[in-house]
Amino acid sequence: MNILSINNLAKIGREKPLFTEVSFGIQEGEKAALIGRNGTGKSTLLATIAGVLQPDEGTVVINKEAGVSYLPQTPVFNPEDTIREHIFKNDSPKLAVIREYEEICEEMGRTTNTEISTGSNTKATEISTGLQTRYENIMHKMDSGDLWNYEAQISSILSTLGITDMTRRMGTLSGGMCKKVALAQVLVEDTKLLLLDEPTNHLDITTIFWLQNYLHDTKRSVLMVTHDRWFLDAVCTNIYELARNKLKLYIGNYSQYLEKKETEAEIEANTERRIESVLRFEREWLLRGPCARGTKIKARIQRDEQLINREKFQADKGFTFEVKGKRLGGKVLELHGISKNYPKGYVGEEGGGRLPLAPATASAVVSTGSTTAATESSSTLSAGSNAARNACSDFSPVIKNFSYIFTKGQKIGIFGDNGSGKSTFLNIITGQITPDSGTVVIGANTKFGYYTQNPVFKDTNLTVLEYIKETAEHMTLNDGKKEVSATKFLEEFGFEGKIQHSPISSLSGGERKRLYLVRLLLENPNFLVLDEPTNDFDIFTMNILEQFLEGYQGCLLLVSHDRYFMDKTVDSLFIMEEDGNISGFVGKCSEYIDYREEQKQALRAASEPAEGVAKDAAAKQGGCSEGETSPAPAQKKKLSFKEQKEFEKLNEEIPALEAEQKSLEEKMASSDFEEVRAAGDRYKEIDELLAKKYPRWEELAERA
């Protein structure tokens, strides 16, 4: 079934057309991506398809039965809305019923708690009676609409994204959490077409991995803009490239797209050479001034003019650069027992930004550290232990007693979920905040280059070129063999023409981050600390940065949600654990994710009931071919007196619990809410008890 049809779409930008003559379609279940450099109009095209922007030409037709859900790069919301109100804003009748069901359940929970704490009264009884009627009605709607599976899917999505308190106001959420709520809103809607603009931005790797599997398995059609190449490879079956104002389809995932682009570039380069070879003779002929009276001569001249004025093939620039960083000394950076605590329930900015210092009442005590350390290093940051904070039950550890000594050339990635303390760790290392305990010793020759998620510009009235020239007029490229001007260097990073003379204040958020990164790299740091450098960068810019980091001789500490980027640039990981501990892993990010999945599968396999193991063993023993002798079973240890009594007790308890469950099933069909809730709670308790008693009974029964 055709979900989306686009015909001859065009949109004019500020100075020139962003795209013209765009025509394509999306089929049911198709997963496609829009890729291209920043500024080519990818987000504009997606917004135009979603109906947020109007096209200057052409039509967009979405199947009426499909419906469309759109995730913009920067979510729009009413700060006064609760999370529930924002997520269930869709006009879908199904979502309206589920929202009402959630609200009634929450209201009943509040009413019950009030009755328990204050004692039952007439008013509370009246409220409970009214709620019970509403509860019965909504249960009937859920049953008749067969919405229980849909409600379970919604609950699973919200739980996975860490959205638990649905009553929080949107205006109180961090940037990362707002992105998660916006993503949840799109995923729970009852539509068949998803339009996603940078869905992985500000999500941690664990959540991205879940989203990747969700989009891969869903039957819904997907059209997305993303720079996450691993994500592209795993999800997309078609790639649409927006370049030179045109859209071109490449069938296959991102890896296949790269192969086809390479072949295409070779063909176009060969074609270009043949045309130039022909034109050499034709230009000589034209210079001789042929008479243009004959029809054949006119046609030949017109053909030559078309070849001369053709749009020439431009291969992607293989731009690489290196800078001469300051030599690292024998001591690079040492961390000795650093710890950091924050108030319980405090959630940092998943979307970026510096974590604020803890309240002044629990501030760290700064000590000078040893004289020897102060002499050996150019900078020593030290904080004495704060007994009041560490002992306080209202604080939880973000980093717990971590020590590490960095050596030359190490490239380490930091892996952890949002809120696990990654940015806090970087801020402690670079001296932006002090640890609650422990010391940070910085080597005399160590020069940090710290890329923060939200870079700050002191003077936004400076032009782009002036800002770069404050650092260097010329840049050394290709191992010191060549120099280029600041103007040329900016062009290589996409700052071409008039934009170089535009003030920083006129740049978009993504352009500012790219400019900040260019200047940071040109300052020649020998210890790079990068906090989410890939957000808002196109794939081309990321390739340049990867090439630079692969040849970088200094130390690198990197936080990124982009697994492809992490795999290319780091060779070991710091793992931020939930309890504040930091562990290590030698290997790539993708290798760690595979290792973690293997560990989960091993745990699941180990927790399977002993019955399955016993059956497998029996099947193997009973499956001997003719003529073979089955191995003799091992001698079983007889039951002790205590175990015999335990076995007899289980023989009485298990049937009694099973009988009680059957009676509870009848009570759960009642229209009395309180009775249904009490029966459900007890039924769950019995389930948990039986889950423990069955394996033990089987073990004892086998030996008895």
Side-chain angles (χ1 to χ4, degrees), residues 325-342 348 353-358 360 362-390 395-416 420-453 520 523 525-532 554-559 570 572-577 579-584:
K326 185 180 179 183
R327 185 185 65 83
L328 280 166
K331 180 179 287 183
V332 179
L333 175 68
E334 296 181 0
L335 308 178
H336 299 288
I338 63 169
S339 296
K340 190 69 180 177
N341 300 305
Y342 280 117
R354 183 184 303 173
L355 291 169
L357 289 170
S363 61
V365 178
V366 180
S367 66
T368 57
S370 67
T371 307
T372 307
T375 305
E376 289 179 352
S377 64
S378 60
S379 175
T380 301
L381 302 177
S382 178
S385 62
N386 189 320
R389 170 179 295 196
N390 294 337
F395 286 84
S396 57
V398 177
I399 299 169
K400 188 192 294 181
N401 193 29
F402 179 67
S403 299
Y404 192 81
I405 297 176
F406 289 84
T407 56
K408 296 178 184 179
Q410 284 189 312
K411 296 178 180 179
I412 302 172
I414 302 179
F415 186 102
S420 61
K422 299 187 297 293
S423 293
T424 299
F425 183 61
L426 299 187
N427 283 329
I428 288 174
I429 285 175
T430 55
Q432 307 300 307
I433 60 176
T434 55
D436 296 337
S437 62
T439 57
V440 179
V441 183
I442 303 170
N445 289 335
T446 302
K447 180 183 178 183
F448 286 117
Y450 187 18
Y451 178 93
T452 60
Q453 292 188 43
L520 178 73
E523 288 175 350
N526 54 24
F527 197 125
L528 273 174
V529 180
L530 306 179
D531 193 359
E532 297 288 10
C555 282
L556 170 67
L557 198 56
L558 170 68
V559 171
V570 302
S572 58
L573 302 173
F574 285 155
I575 312 299
M576 309 292 288
E577 310 286 0
D579 59 0
N581 284 313
I582 301 177
S583 57

Please examine the side chains of [Y] and [X], heavy atoms only from C-beta on, and report whether any two atoms are closer than 4.5 Å.
X: Ile582; Y: Met576; value: yes
X: Thr446; Y: Asn526; value: yes
X: Ile429; Y: Leu557; value: yes
X: Ser403; Y: Leu335; value: no

Closest heavy-atom contact between [X] and [Y]?
X: Val440; Y: Ile338; value: CG2-CG2, 4.0 Å
X: Ile405; Y: Gln410; value: O-OE1, 4.2 Å
X: Gly449; Y: Pro525; value: N-CB, 3.5 Å

List the residues meeting side chain to side chain donor-acceptor pair (under 3.5 Å) with [X], not counting sequence neighbours, and say none if there are none.
X: Tyr450; result: Asn427
X: Ser583; result: Glu577
X: Asn581; result: Asp579

Got a donor-acceptor contact below 3.5 angstrom from the Lys422 side chain to the Gly416 backbone?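 At least one qualifying donor-acceptor pair exists.
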Quick one: does Ser339's side chain have a donor or acceptor within less than 3.5 Å of a partner on Asn401's backbone?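 Between the backbone of Asn401 and the side chain of Ser339 there is a qualifying donor-acceptor contact (under 3.5 Å).
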Interatomic distance, [X] atom [atom1] to [Y] atom [atom2] [nearest 0.5 angstrom]:
X: Ser423; Y: Ile414; atom1: OG; atom2: CD1; value: 8.5 Å
X: Leu333; Y: Thr430; atom1: CG; atom2: OG1; value: 10.0 Å
X: Asp531; Y: Phe425; atom1: CG; atom2: CZ; value: 12.0 Å
X: Leu558; Y: Glu532; atom1: CG; atom2: CD; value: 8.5 Å

Residues at least two apart in sequence or cross-chain that pass ring-ring contact (aromatic ring centres under 6.0 Å, His included) with Phe406, listed by chain then number, are Tyr404, Phe527
Give the intermediate values and the outcome of side chain to side chain contact (heavy atoms under 4.5 Å, CB included) for residues Lys340 and Ile433.
CA-CA 10 Å; Lys340 190 69 180 177; Ile433 60 176; 4.3 Å; yes
Point to revise | Derivation and outcome, side chain to side chain contact (heavy atoms under 4.5 Å, CB included), residues Leu426 and Phe448 | key: CA-CA 11 Å; Leu426 299 187; Phe448 286 117; over 6 Å; no
